[in-house]
Trainee: 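The structure that follows is given in the form of structure tokens.
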Amino acid sequence: MKKFWLIALITLFAVIATACGSDDSDDSKGSSSDDKKDSKEVTINQHIVNERADMDEKYKVTLDANPKKVAVFDFGMLDTLDKLGIEVEGVSQNTIPPYLDKYKDDKYTNIGSLKEPDFEALSEMAPDVILISGRQASQYDELSKIAPTVYLGVDSENYMESFKENMDKVGKIFTDKQDDVKKEVKKIEDQIKETKEKAEKSGEKALIVLANDDKMSAYGPKSRFGIIHDVLGVEAADTKIEASTHGQNISSEYIKKQNPDILYVVDRGTAIGEGEPAKEVVENKVVKTTDAYKNDKIVYLDPYLWYLAGGGLESVPKMIDEINESLD
């Protein structure tokens, strides 16, 4: 009888040990699977055509999917990651737009200005990926020595195509956000359709002006702010403006001659905290003779969105809303 109970007890211990071993094995497999998912490599093909940096270069970059330590220079990309709930560690805190104020907090590493990266701070941070756009394009090679660098600038001549391509790249890098990216892009496409229909019905012609201290530059289709004409369908008052990053230098007399129904103004001084307010430069005696002024259609666009950011899942919808409201 004692022998029977001894055998039964040994058998029970063996069953328990086997069960525990099985649990440990399952956990190990789960952990290995998660690690494999996190360490999956992705390859991004990029073609940087950038007038600002005098570049026309092709790059291929390989990095681990779902990077943990992210450094972001582009504010449009920062608002995209913010919208998707993706944590970042390094940001350019100089001239950060008000709608991204939370990133001024000391818990984020300040990686320098938009045009002058702090290479020492970046090196100490040791990011898994660096996200850049046009203002940093000329320093792509130097940044790539620190970490895989991905260019996510918007092409003004092909705004929505390049925007969607950038969003695809974001979904490819941050694999668990692919569905969220697609949903947000679909919402933007619906916004565009509504605004475009509104623009066509209005029949109004517009002129886009950047006010920079006491100077003004005009922008038309395929230009830096060409999304207004090319994507949202607002007719241009002047279709002969040469497309460029810096625009065409103009005078008040030029605005009077074009006599736009809507005058869109981007105030660079406000965006960077320098120079005279745009209203003091734009609304002079000459411009006050235009239909835009008489009909209260001089529209001061949010300079932080249009000059500093843009191209993001938060900024693009805000930009579209501004144009939509201006057509009421």
Side-chain angles (χ1 to χ4, degrees), residues 48-53 72-84 88 91-92 94-101 103 113-115 131-137 150-170 181 184-185 187-189 191-192 195-196 206 208-212 217-234 243-247 264-273 278 299-326:
I48 306 178
V49 180
N50 192 279
E51 176 193 335
R52 186 195 305 274
V72 191
F73 279 98
D74 181 74
F75 292 139
M77 225 13 75
L78 180 59
D79 79 44
T80 293
L81 301 188
D82 184 69
K83 183 76 174 181
L84 296 173
V88 304
V91 297
S92 175
N94 301 43
T95 64
I96 200 162
Y99 76 105
L100 295 171
D101 262 357
Y103 291 100
S113 70
L114 296 179
K115 292 185 178 181
L131 305 181
I132 68 168
S133 60
R135 289 182 174 94
Q136 305 83 41
V150 182
Y151 177 82
L152 295 166
V154 176
D155 178 2
S156 297
E157 294 190 14
N158 300 283
Y159 197 99
M160 285 309 296
E161 291 83 351
S162 62
F163 170 74
K164 290 178 184 178
E165 185 179 331
N166 287 341
M167 293 306 111
D168 285 343
K169 289 176 181 176
V170 170
V181 168
E184 294 303 324
V185 170
K187 289 179 186 177
I188 291 172
E189 289 175 331
Q191 269 188 294
I192 290 170
T195 303
K196 193 170 183 178
I208 310 165
V209 170
L210 175 72
N212 182 15
S217 302
Y219 293 79
K222 304 295 182 183
S223 73
R224 183 175 187 173
F225 309 115
I227 179 177
I228 294 174
H229 302 308
D230 306 323
V231 178
L232 302 178
V234 179
S244 71
T245 302
H246 302 292
Y264 292 114
V265 181
V266 179
D267 185 350
R268 180 181 182 275
T270 295
I272 64 173
V299 180
Y300 292 90
L301 300 172
D302 186 325
Y304 304 104
L305 293 174
W306 291 85
Y307 187 76
L308 291 177
L313 289 181
E314 286 188 39
S315 48
V316 169
K318 290 175 185 288
M319 292 161 70
I320 296 172
D321 281 342
E322 285 197 315
I323 303 306
N324 192 306
E325 290 173 11
S326 75

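Note that these values count all heavy atoms, side chains included, but never hydrogens, waters or copies made by symmetry.
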Trainee: Please confirm whether the backbone N or O of P221 pairs with a side-chain atom of D230, one donor and one acceptor, at under 3.5 Å?
Mentor: no
Trainee: Rounded at 0.5 Å granularity, tell me how far OH in Y304 sits from CG in D267.
Mentor: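 Going from OH on Y304 over to CG on D267, the span is 8.5 Å.
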Trainee: What is the distance from atom CG of L78 to atom CG of L100, rounded to the nearest 0.5 Å?
Mentor: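 Rounded to the nearest 0.5 Å, the CG-CG separation comes out at 5.0 Å.
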Trainee: Would you give the length of the straight line joining atom OH of Y151 to atom CE of M77, rounded to the nearest 0.5 angstrom?
Mentor: 10.5 Å
Trainee: Are the side chains of L313 and M167 in touch, meaning some heavy atoms are under 4.5 Å apart?
Mentor: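 Touching, per the 4.5 Å side-chain cut-off.
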Trainee: Show, in sequence, the C-alpha distance, side-chain angles and deciding distance for T195 and V231, and conclude whether the side chain to side chain contact (heavy atoms under 4.5 Å, CB included) test is met.
Mentor: CA-CA 9 Å; T195 303; V231 178; over 6 Å; no
Trainee: Taking all heavy atoms of S162 and all of V154, pick out the closest pair and write down the distance.
Mentor: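 Closest heavy-atom pair between S162 and V154: OG-CG1, 3.4 Å.
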Trainee: Identify the heavy atoms of M319 and G310 that sit nearest to each other, and give their distance.
Mentor: SD-CA, 3.7 Å
Trainee: I'd like to know if K169 and E165 make a salt bridge, using a cut-off of under 4.0 Å between side-chain N and carboxylate O.
Mentor: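 Answer for the salt bridge query: yes.
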Trainee: Identify the two heavy atoms, one from S133 and one from G153, that lie closest to each other, and give their separation to 0.1 Å.
Mentor: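 Smallest heavy-atom distance, with atoms named: CB-CA, 3.8 Å.
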Trainee: Testing the basics here: between A206 and H229, what is the closest heavy-atom pair and its distance to 0.1 Å?
Mentor: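 Heavy atoms only, the tightest pair is O-CE1, 3.6 Å.
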Trainee: Nearest heavy-atom pair of L308 and P97: which atoms, and what distance?
Mentor: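 It is CB-CG, 4.4 Å.
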Trainee: Decide yes or no on side chain to side chain contact (heavy atoms under 4.5 Å, CB included) for Y307 and L210, but give the supporting numbers first.
Mentor: CA-CA 9 Å; Y307 187 76; L210 175 72; 4.1 Å; yes
Trainee: Please report the interatomic distance CZ(R135) to OG(S113), rounded to the nearest 0.5 Å.
Mentor: 10.0 Å
Trainee: Just wondering, do L131 and L81 contact through their side chains at under 4.5 Å, heavy atoms?
Mentor: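 Sidechains of L131 and L81: in contact.
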Trainee: Determine whether the side chains of D302 and Y99 contain a donor N or O and an acceptor N or O closer than 3.5 Å.
Mentor: no
Trainee: So, the side chain of Y219 versus the backbone of H246: is there a donor-acceptor pair under 3.5 Å, distance only?
Mentor: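 Yes: the side chain of Y219 pairs with the backbone of H246.
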Trainee: Do Y103 and D82 have side chains that get closer than 4.5 Å, going by heavy atoms?
Mentor: yes
Trainee: For Q136 and D74, which I'm curious about, is there any donor-acceptor pair between the side chains at under 3.5 Å?
Mentor: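 No - no donor-acceptor pair under 3.5 Å links their side chains.
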Trainee: Using modelled atom types and a 3.5 Å cut-off, is there a donor and acceptor pairing between side-chain atoms of D79 and backbone atoms of S315?
Mentor: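 Such a contact is found between D79 side chain and S315 backbone.
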Trainee: Applying side chain to side chain contact (heavy atoms under 4.5 Å, CB included), run through K164 and V185 and close with a yes or a no.
Mentor: CA-CA 7 Å; K164 290 178 184 178; V185 170; 4.2 Å; yes
Trainee: Could you check if a side-chain atom of V181 sits within less than 4.5 angstrom of a side-chain atom of L84, using non-hydrogen atoms only?
Mentor: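 Answer yes - side chains close enough.
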Trainee: Does some side-chain heavy atom of I228 sit less than 4.5 Å from a side-chain heavy atom of L301?
Mentor: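 The answer is yes, as the side chains (C-beta and beyond) meet within the 4.5 Å cut-off.
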Trainee: Would you say L232 and Y159 make side-chain contact, with heavy atoms under 4.5 Å?
Mentor: no
Trainee: State the OG1-CZ distance between T80 and F75, to the nearest 0.5 angstrom.
Mentor: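 Answer for the OG1-CZ pair, T80 versus F75, is 13.0 Å.
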Trainee: Restricting to non-hydrogen atoms, name the atom on I48 and the atom on A137 that form the minimum distance, rounded to 0.1 Å.
Mentor: CG2-CB, 4.1 Å
Trainee: Nearest 0.5 Å, what's the CD1-OG distance between I208 and S217?
Mentor: 12.5 Å
Trainee: As a quick check of understanding, evaluate side chain to side chain contact (heavy atoms under 4.5 Å, CB included) for I192 and I188, giving each step before the final call.
Mentor: CA-CA 6 Å; I192 290 170; I188 291 172; 4.0 Å; yes
